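Note that the coordinates shown come from a computational prediction; the quantities given were computed from them, not determined experimentally. Just so it is clear: chains get the letters A, B, ... in the order the sequence lines come, proteins before strands, and each one is counted from 1. What's counted below: heavy atoms across the whole structure, side chains too, no hydrogens, waters or symmetry copies.
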Protein chains: 2
Amino acid sequence: MAGRIQPLRFEPVQTVRAYQRIVEQIEDALARGDLAPGQRLPSERELVTQFAVSRSTVREALRVLESNGVVRSRPGDPNGPEILPFSQGPLRKQMTRLARVDELTLSELIAFRMIMDGAAIQLASRLRTDEQLAEMEQTLVAMREAIDIDFAAFSEADVAFHEAVARVSRNSLLQTCNEVVRGVVLSLISDKIAHATNSRALMLESLQHHAEVVEAIRAGDGHAAARLARQNLYDYYATYVPEPDRDPLRALIDD
Amino acid sequence: MAGRIQPLRFEPVQTVRAYQRIVEQIEDALARGDLAPGQRLPSERELVTQFAVSRSTVREALRVLESNGVVRSRPGDPNGPEILPFSQGPLRKQMTRLARVDELTLSELIAFRMIMDGAAIQLASRLRTDEQLAEMEQTLVAMREAIDIDFAAFSEADVAFHEAVARVSRNSLLQTCNEVVRGVVLSLISDKIAHATNSRALMLESLQHHAEVVEAIRAGDGHAAARLARQNLYDYYATYVPEPDRDPLRALIDD
DNA sequence: GAGACGCAACTGGTCTGACCAGTGGACTAG
DNA sequence: CTAGTCCACTGGTCAGACCAGTTGCGTCTC
């Protein structure tokens, strides 16, 4: 046995809860195909013996699975909990099965925002009524006023603008995705953006961009409006994205 | 006391589980602002007395909340469960907080697909390598062969094509959303589409459209490729959308 | 034989009470 | 003032019980 003795490296220990292990086992079985939608899980009491845990633990696991849209339990059902088809249940659950926000890069998130926001504005420029246009212009006024207060007020007014656009686009899914991703992006870069020195200049520039977008919406030029919106997002966020990741963002602009 | 006696209408009764009520109360408090991220929930035993239920029930509620990314419990923490900031935890959970798939119209879902797919293809036409282009063309060949088998095989090959595109677009969020929404759309119209009589003609037409998209990708014309992709989706699905809801879909095409 | 009845055996939902391994603060001995 | 102990808490798990439903089967009546 030659060779130097390797410096002993221990992995950090993390305790995994029993119910979490059960969730994993069942989700794995589903991923492997050993379990298919429409099938039934064994009853809770049967799972107790199979997993060799108490019924409380089994039930906590089932609650997690149910919350994820994987299974559904009904009282008095002589069969066990039902495995749901992939597409049922709340949408978010479906998303989580595949994507975790912490696995996403900032570039992906911003690209997504550019797509969503651009599409919402394109839709808005076609579908808007005159009242809705006036509403959007009103939010621009509010943004101008907010600049003289502080950045938080401006940010709030900005959100109001985007919400108005999303309403006009008549697509709640679009709206939801946009809001969620905006929240994630902001939380990722908030520490950096807070230290921006020339924030007043930034706000004025941003307002100018928004006004251009609204002008394009008024003209009914959805293409130009969407392009402006994407450009604005790029200008606003690109500095936080490392250079090699900016290619997809640029690809979204110059169409 | 005049007036006819109204025909008595009773609401269908649905039993709500105790733990579900707890989840609602806590989520409501969070929505109202009575509870904010960073704050701590009372300990489990304290919640037992406040909600007047057993600890099992409290714990099942906490498991649901934890699975939704709302709170996190740590053993031995002298404070109660921690309320997480909005942007943490799995993304799907965030989505589910806002959007339920059963509240969405088919039009919204298809519009979303048109946006996502168009964007993915636009990105792909800019970012693709020659190998990836060859890969996509290979999936076209597979689609052509699948037509001679049956509709399920064709559908599978179609999925493979879109997955290839999504990979090239280098955006897992885009990919995930697209997959989820495609699944939902298919489950909504699968019963209708299965009865299509001239399915072979449809498949050939779809293949032709895909080929055109790939051709545009090869040419690097992202705009044309995206437009074609949206048009294809519209042609494919619009018949299932009631006429008044088609406006947003058309607005997405003629840019 | 056919149908109504009732019982027994299940299901999931809830409760009670207990034990354990951690954590953190208060208290105490040096 | 520090080091050590101790204790009161936390969440995680367990065992066993009861209830209200549902299902199915056997029985009992017509």
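- Partners of Phe161(B) by ring-ring contact (aromatic ring centres under 6.0 Å, His included), not counting sequence neighbours, listed by chain and number: His210(B).
- Distances shorter than 4.0 Å separate some side-chain N or O of Ser43(B) from OP1 or OP2 on dT10(D).
- At the heavy-atom level, Arg55(B) lies under 4.0 Å from base atoms of the strands shown.
- A search for side-chain hydrogen bond (donor to acceptor under 3.5 Å, both in side chains) contacts involving Gln20(B) returns nothing, not counting sequence neighbours.
- If Ser73(B) and Thr57(A) are placed on DNA chain D by their nearest nucleotide, the residue sitting closer to the 5' end is Ser73(B).
- End-to-end axis angle for the helix from dG1(C)-dC30(D) to dG30(C)-dC1(D), using five pairs per end and rounding to 10°, comes out at 20°.
- For Arg55(A), the salt bridge (charged side-chain N to carboxylate O under 4.0 Å, His left out) partners two or more places apart in sequence, or in a different chain, are Glu44(A).
- With sequence neighbours excluded, the residues that form a salt bridge (charged side-chain N to carboxylate O under 4.0 Å, His left out) with Arg40(B) are Asp77(B).
- With sequence neighbours excluded, the residues that form a side-chain hydrogen bond (donor to acceptor under 3.5 Å, both in side chains) with Asn178(B) are Asp117(B).
- A donor N or O paired with an acceptor N or O is not found under 3.5 Å between the base of dG12(D) and the side-chain atoms of Arg63(B).
- For DNA chain C, the outermost nucleotides in 5' to 3' order that have an atom under 4.0 Å from a heavy atom of chain A are dT11(C) to dT14(C).
- Partners of Arg167(A) by salt bridge (charged side-chain N to carboxylate O under 4.0 Å, His left out), not counting sequence neighbours, listed by chain and number: Glu135(A).
- The only option from Arg59(B), Arg63(B), Glu60(B) that meets the side-chain contact (heavy atoms from CB on, under 4.5 Å) definition with Tyr19(B) turns out to be Glu60(B).
- Among the heavy atoms of the strands lying under 4.0 Å from Ser56(A) is at least one base atom, whether or not backbone atoms are also near.
- Among residues two or more places apart in sequence or in another chain, the salt bridge (charged side-chain N to carboxylate O under 4.0 Å, His left out) test is passed with Asp247(A) by Arg250(A).
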